[in-house]
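Written out below as structure tokens is the structure these notes cover.
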Amino acid sequence: MSTQTVSVAAAEAKRVTTQTLLEMKSEGVPIAMLTAYDYTSARILDEAGIDVLLVGDSASNVMAGHETTLPVTLDQMIYHAQCVVRGVNRALVVVDLPFGSYQGSSREALRSAIRVMKETGAHAVKLEGGSVSVDSVRRIIDAGIPVMGHLGLTPQSIYKFGTYKVRAREEQEADSVRRDIRKLEKSGCFAVVLEKIPATLATEVTESISIPTIGIGAGGGCSGQVLVTHDLLGLTQDFNPRFVRRYADLAGTMTQAVQGYVEDVRARNFPNDDESY
Ligand code: KIV
């Protein structure tokens, strides 16, 4: 058995920590991360072997039906995180600080991060932005809370960007990503999400730092990958960017199941004698 096989097997048996992710990067073992917002799904994803569960502010879209991630509140994120934590035995649980809960000041950021950690039992927080967020990142980490960064397309700034198109195609913005990721690494982030940037840039910055990068629409050169679980499962139907691979058609499966139930109820085929007392 090779050294790599031994340490991966050990990592699979134990709880995933921020240190595990660093080791996975240095051993060249890709990190698998998905979003989760509720107990039942978190339990299934955890038992299926996911390394990191992100209680993403994409809850605003997929749970609440909003067009953007902006409306979800800190209280709502805390509720989702509490549900997820109850379903998890192995994965590292990271919680997004939502829009408006950290941009005001590093003091506000720390207060929000402390609420998340105290009230949910999660293991880390994530926040968007490079240079502008560095003071908050430092302050939160100084309080003993691990922080994951998020660069490239940062959906909380959608009204500043005006579009969900790929970021950092131009050299000037690519340079900002290069600078920002080094700042986040220096500030003590344990990992950084890279969203919708060219694969060559993502590979380059991944190789230039010691902490792992987790890509979404950032190519195969990142240290790991993340998708919104509802996209991967085919539950979301009208969101089809090229970076999403659908591993199931659960919307189709659910529709068939519900249609079958409606038919059976109408035909008095449900419940039958075995299903009654
Ligand atoms: O909220 C979210 O789902 C995210 C991922 C897209 C990384 O931040």
Side-chain angles (χ1 to χ4, degrees), residues 1-59 62 80-81 83-96 116-117 120-127 145-152 181 184-185 188-195 202-203 205-207 209-233 243-245 247-248:
M1 207 184 265
S2 74
T3 328
Q4 180 166 319
T5 318
V6 171
S7 55
V8 172
E12 270 165 10
K14 286 191 294 182
R15 187 133 220 162
V16 178
T17 65
T18 56
Q19 188 57 36
T20 317
L21 302 185
L22 281 169
E23 285 163 14
M24 288 173 83
K25 174 166 183 175
S26 66
E27 291 171 13
V29 182
I31 298 160
M33 169 162 141
L34 281 174
T35 61
Y37 320 99
D38 68 298
Y39 165 80
T40 305
S41 311
R43 196 167 160 183
I44 294 169
L45 301 178
D46 188 54
E47 285 172 4
I50 206 73
D51 301 310
V52 184
L53 281 180
L54 172 67
V55 184
D57 58 0
S58 49
V62 293
H80 287 297
C83 300
V84 167
V85 166
R86 283 194 283 270
V88 169
N89 279 318
R90 175 182 171 272
L92 184 84
V93 180
V94 182
V95 183
D96 259 336
V116 167
M117 300 301 281
T120 72
H123 312 120
V125 297
K126 173 164 89 58
L127 52 85
I145 302 170
V147 177
M148 178 180 272
H150 186 152
L151 296 175
I181 203 160
L184 291 177
E185 179 187 32
C189 280
F190 69 88
V192 178
V193 166
L194 295 175
E195 180 162 354
T203 305
V205 295
T206 299
E207 286 167 0
I209 55 168
S210 58
I211 57 172
T213 58
I214 313 287
I216 175 162
C222 295
S223 324
Q225 298 294 326
V226 58
L227 281 176
V228 169
T229 299
H230 288 59
D231 297 337
L232 164 148
L233 295 177
F243 65 78
V244 168
R245 187 181 295 178
Y247 286 83

Hey, mind stepping through T20 and K14 against side chain to side chain contact (heavy atoms under 4.5 Å, CB included) and telling me if it holds? CA-CA 9 Å; T20 317; K14 286 191 294 182; over 6 Å; no
I would like to know whether L22 and Q19 meet side chain to side chain contact (heavy atoms under 4.5 Å, CB included); could you show each step before the answer? CA-CA 5 Å; L22 281 169; Q19 188 57 36; 3.8 Å; yes
Between V94 and M33, is the side chain to side chain contact (heavy atoms under 4.5 Å, CB included) condition met? List the steps. CA-CA 10 Å; V94 182; M33 169 162 141; 5.7 Å; no
Show your reasoning for whether side chain to side chain contact (heavy atoms under 4.5 Å, CB included) applies to L151 and V205. CA-CA 11 Å; L151 296 175; V205 295; over 6 Å; no
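Applying the side-chain contact (heavy atoms from CB on, under 4.5 Å) criterion to E207, with sequence neighbours excluded, gives T203. Take H123 and apply the ring pair (Phe, Tyr, Trp, His ring centres under 6.0 Å) test, not counting sequence neighbours, and it matches no residue.
Taking both residues in full, the closest heavy atoms of C222 and A202 are given as SG-CB, 3.8 Å, listed atom of the first, atom of the second, then distance. When all heavy atoms are compared, the tightest approach of L92 to F190 is CD2-CE1, 3.9 Å. Here the shortest heavy-atom pairing between C189 and G149 reads SG-N, 3.9 Å. Of all heavy-atom pairs between D231 and V244, the closest is CB-CG1, 3.8 Å. Taking all atoms of both residues into account, the shortest heavy-atom contact from V125 to V116 is CG1-CG1, 3.9 Å. Between T35 and S58, the shortest heavy-atom distance links the atoms CG2-OG, 4.0 Å.
For the atom pair CD1 of I50 and CG of L45, the computed distance is 6.5 Å after rounding to the nearest 0.5 Å. Going from atom CZ of R86 over to atom OG1 of T120 covers 10.0 Å, rounded to the nearest 0.5 Å.
The aromatic rings of H80 and Y37 stand perpendicular to each other, their planes meeting at an angle above 60°, with 30° marking the opposite boundary.
The closest donor-acceptor contact from the side chain of K25 to the backbone of T206 lies under 3.5 Å. Side-chain atoms of E185 come within 3.5 Å of backbone N or O of S210 as a donor-acceptor pair. Using modelled atom types, no side-chain atom of D57 and backbone atom of D96 make a donor-acceptor pair closer than 3.5 Å. Between the S223 side chain and the T213 main chain, a donor and an acceptor come within less than 3.5 Å of each other. No donor-acceptor pair under 3.5 Å is formed between the side chain of E47 and the backbone N or O of A42.
Using a 4.0 Å cut-off between charged side-chain N and carboxylate O, D51 and R90 make a salt bridge.
Using a 4.5 Å cut-off on side-chain heavy atoms (C-beta onward), R15 and V88 make contact. Between V52 and L21, the closest side-chain pair of non-hydrogen atoms falls below 4.5 Å. L233 has its side chain within reach of T229: a pair of non-hydrogen atoms, C-beta onward, lies under 4.5 Å apart.
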